Amino acid sequence: MSVPVAQHVPMGFDLVVLAVDPGATDAEIRATADRCRGLHHPKGDPDERIVGFYEALRARYPDFPPHDRDSPWMATPLDVGIDHVSMCLGFGERRDPALQLIDELAQRHELTIYDHQDDEVARPADVRTPLDPAILTLIDELRP
């Protein structure tokens, strides 16, 4: 008799946006991201880049109730620290516009994105594919 083996189905897609030194190595960025997930995170005043990023992001995708039907978040509220914003996004069509907005806002605020799943680092100066015009319009509407 064979017993069915439970398959692991990913429930979310984790990203962390970090305020790190532009010259930080990939290893330093990974270490910072890991520290942000741990219990020994530094205290202090939040980096203004993180504050600006978080405020603009939650203007479009709130992380406190009530949530819009197009909310990409698998877990709320988002994890925000003095030097990071950690997000768990769902899979599917709601994720893609959120990823584009996260990328644009990270570039604008000179923040680095670390993708835990793929172990990839995206720095503010990295060349990216052009954004969807609808996303650019949304970003312009969110600007103060």
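Note that the structure is predicted; figures quoted are calculated from it, not measured.
- Counting heavy atoms from C-beta outward, Val17 and Thr112 have side chains that stay 4.5 Å or more apart.
- For Asp118, the side-chain contact (heavy atoms from CB on, under 4.5 Å) partners at least two apart in sequence or on another chain are Asp115, Glu120.
- In this structure, the side chains of Leu89 and Met74 stay at 4.5 Å or more apart for every pair of heavy atoms.
- Legend: residues meeting salt bridge (Lys or Arg N to Asp or Glu O under 4.0 Å) with Asp119, ordered by chain and number and at least two apart, are Arg30.
- Across all non-hydrogen atoms, the minimal contact from Ala19 to Arg49 is CB-NH2, 3.3 Å.
- Scanning for side chain to side chain donor-acceptor pair (under 3.5 Å) contacts around Asp26 gives Arg123, with sequence neighbours left out.
- Asp70 has a carboxylate O that lies under 4.0 Å from a charged side-chain N of Arg60, or vice versa, which qualifies the two as a salt bridge.
- Distance check: Ile113 CD1 to Asp126 CG gives 9.5 Å after rounding to the nearest 0.5 Å.
- Summarising the geometry, atom OH belonging to Tyr54 is positioned 3.5 Å from atom CG belonging to Asp63; distances are rounded to the nearest 0.5 Å.
- Rounding to the nearest 0.5 Å gives a distance of 11.0 Å between CG of Asp103 and CG of Leu111.
- One hydrophobic cluster holds both Leu99 and Leu105 under the rule that ILVMFWY side chains link at heavy-atom gaps under 4.5 Å.
- Panel note: side chain Glu104, backbone Leu101; no donor-acceptor pair is recorded below 3.5 Å.
- Hydrophobic clustering, defined by side-chain heavy atoms of Ile, Leu, Val, Met, Phe, Trp and Tyr closer than 4.5 Å, groups Leu18 together with Val16, Val20, Ile29, Tyr114, Val121.
- Shown here are the salt bridge (Lys or Arg N to Asp or Glu O under 4.0 Å) partners of Glu55, two or more places apart in sequence or in another chain: Arg58.
- Between the side chains of Asp96 and Gln100, no donor-acceptor pair is found at a separation under 3.5 Å.
- With a 4.5 Å cut-off on side-chain heavy atoms, Leu15 and Val85 do not count as touching.
- Partners of Asp14 under the side-chain contact (heavy atoms from CB on, under 4.5 Å) rule, at least two apart in sequence or in another chain, are Arg37, Cys88, His116, Gln117.
- Residues passing the side chain to side chain donor-acceptor pair (under 3.5 Å) test with Arg95, sequence neighbours excluded: none.
- Of all heavy-atom pairs between Ile102 and Phe53, the closest is O-CE1, 3.6 Å.
- In this structure, OH on Tyr61 lies 8.0 Å from CH2 on Trp73, to the nearest 0.5 angstrom.
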Report, one line per pair, each donor and acceptor closer than 3.5 Å where one atom sits in a side chain of residues 75-83; sequence neighbours left out.
residue	atom	partner	partner atom	Å
Asp79	OD2	His84	NE2	3.1
Asp83	OD1	His41	NE2	2.8
Asp83	OD2	Arg35	NH2	2.5

